[in-house]
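One structure is given below, represented as structure tokens, and several questions about it will come after.
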2 protein chains.
Amino acid sequence: MASATTPKRNGKRQSATRTSHEANILRVAEEVFAQLGYNGASIDMIADRAGMSKQNMLYYFPSKEVLYRRVLENILNLWLEKMQLLEHSGEEPAQMLRNYILGKIEISRQYPNGSKVFAHEIISGAPFLSDFLRDNLVPQLEADAKLVRGWIKQGKMDPVDPMHLFFTIWAATQTYADFSRQIEIALNKDSLSARDFEKAGDFLTHMVLKGLGISL
Amino acid sequence: MASATTPKRNGKRQSATRTSHEANILRVAEEVFAQLGYNGASIDMIADRAGMSKQNMLYYFPSKEVLYRRVLENILNLWLEKMQLLEHSGEEPAQMLRNYILGKIEISRQYPNGSKVFAHEIISGAPFLSDFLRDNLVPQLEADAKLVRGWIKQGKMDPVDPMHLFFTIWAATQTYADFSRQIEIALNKDSLSARDFEKAGDFLTHMVLKGLGISL
DNA sequence: GTCTATAAGGGGATAGAC
DNA sequence: GTCTATCCCCTTATAGAC
């Protein structure tokens, strides 16, 4: 097999089967790590669900840790990308915060497994991610906090601690991915619908904007 | 060893060494399960940190699963107990919600490991807890939601969806336990102080009460 | 109650044929 | 690229002596 080749991010060429197999493995791995965490997941189970032998999967990803890091990396790049887009979405606090909250809820809806892998990792003390968070998330957060402090100085919103504002928005939006099982049980449903996420967004934007004293 | 005996919840008598050893094992187990989840934790590591051999620990808890269930059970009983106390704390919405939020933050401060074990369990799809949540948490939640709907009918607060209100309060308060590592990194600290929890409480109570249109 | 010994299986990872 | 075979460690759990 393998004669067609396709360019890749590092510039090297590689077979089309490698590209599609890697994508498939990463998708399955995300699912399994989300459910069982790094330690609970076995590469055997991931290979099984990806439709290949463990040995064959290890041909594509040389170790469990490498695979896990790739899964984490993919999620975080997606998040950072979406968060930067939100920065430039509007001018007024109301519109920007609204976009930020609804954007994060949408990510929870579309990528619940990625969010869960991230959550397991952080709860476990971020053994793989501490450095990455310091280097990438914190600068972004500090830029966002600075923006909020500016709004406060201009009298556009109540003088709250911007850090705790973001901790709350993160928690309240990601809970619809991470704690989806609990929410399903509370709402007596098998799975959350688009309408549920819409309601969550309505509630959160109302409470946050009004709670910060931002006029709509 | 073991001649002094002491009564226990099930009425049977047992040695004092059993009582103290069990308590010690449960405390350590909570710590290890919090960090590594059910699958990642090994009874060997728990026994080690508890200062005894694995075989000896298995004398007190016949299996890993039994030990894990006991840890979960302890946490949940504590939570339900505290949540019921909050129900009777005041009369007016402002005071009751304030107590509820500050009470949950205080639990995050005092029992971060319990919260983390619970979080791992829910993110993993609640394999051990689904039934318990349905039987215990949901009735309590529905009673609380009914109370909120009453306040709305009386015009005491904005007409929001009570379910999403509670999801948000749970997420925003538990994040200071579950995601403490991320928050520490964001605030550039080794650990969260009592003052940090106080600030979190100030922010949340302000935003939630004002955001719901509840006069202070 | 605590110890040594060991069963029985799963886990990640490698070697080498095809 | 994929397969069979295998190594070796770690894990849960039990048996039985003291």
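Keep in mind the model is a prediction, meaning the values are calculated, not measured. Order of the sequence lines sets the chain letters (A, B, ...), proteins ahead of strands, with each chain counted from 1.
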query = Name the one of B:Phe128, B:Trp79, B:Phe132 that satisfies ring pair (Phe, Tyr, Trp, His ring centres under 6.0 Å) with B:Phe118?
reply =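 Per the ring pair (Phe, Tyr, Trp, His ring centres under 6.0 Å) rule, the option paired with B:Phe118 is B:Trp79, out of B:Phe128, B:Trp79, B:Phe132.
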
key: A:Asn56, nearest nucleotide to its side chain (from C:dT2, D:dT6, D:dT2)   =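 Out of C:dT2, D:dT6, D:dT2, the nucleotide with an atom closest to A:Asn56's side chain is D:dT2.
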
ask   = Which residues pass the salt bridge (Lys or Arg N to Asp or Glu O under 4.0 Å) test with B:Asp161, sequence neighbours left out?
value =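 So B:Asp161 forms no salt bridge (Lys or Arg N to Asp or Glu O under 4.0 Å) with any residue.
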
message = Using a strict heavy-atom distance below 4.0 Å, which residues from residues 57-66 of chain B are in contact with DNA chain C?
response =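 Those residues are B:Tyr59, B:Tyr60.
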
Separation of C:dT2 C1' from B:His21 NE2 (nearest whole Å) =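 The distance from NE2 of B:His21 to C1' of C:dT2 comes to 10 Å, rounded to the nearest Å.
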
query = Listed in order of residue number, which residues of residues 39-53 of chain B have a non-hydrogen atom at under 4.0 Å from DNA chain C?
reply =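 Of all residues in residues 39-53 of chain B, the ones placing a heavy atom under 4.0 Å from DNA chain C are B:Ser53.
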
task = Take atom CG of B:Asp135 as the centre, draw a 6.0 Å sphere, and report whether it contains more than 12 heavy atoms from other residues, nucleotides or ligands.
result =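 Counting neighbours around CG of B:Asp135, more than 12 heavy atoms of other residues, nucleotides or ligands fall under 6.0 Å, so yes.
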
query = Residues in salt bridge (Lys or Arg N to Asp or Glu O under 4.0 Å) with B:Arg134, at least two apart?
reply =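 Testing B:Arg134 for salt bridge (Lys or Arg N to Asp or Glu O under 4.0 Å), a comparison that skips the adjacent residues, returns none.
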
task = Report the residues that fulfil side chain to side chain donor-acceptor pair (under 3.5 Å) with A:Ser115, sequence neighbours left out, ordered by chain and then residue number.
result =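 Applying side chain to side chain donor-acceptor pair (under 3.5 Å) to A:Ser115 gives A:Asp178.
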
ask   = Would you call the rings of B:Phe167 and B:His164 parallel, tilted or perpendicular if under 30° counts as parallel and over 60° as perpendicular?
value =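 The arrangement is perpendicular - the two ring planes meet at more than 60°.
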
key: Heavy-atom donor-acceptor pair, A:Thr175 side chain to A:Ala172 backbone, under 3.5 Å   =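 Looks like no, no N/O pair under 3.5 Å.
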
request  = For A:Glu31, enumerate each residue passing the side-chain contact (heavy atoms from CB on, under 4.5 Å) test, keeping only those at least two apart in sequence or located in another chain.
outcome  =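 Expected list: A:Arg27, A:Arg49, A:Asn113.
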
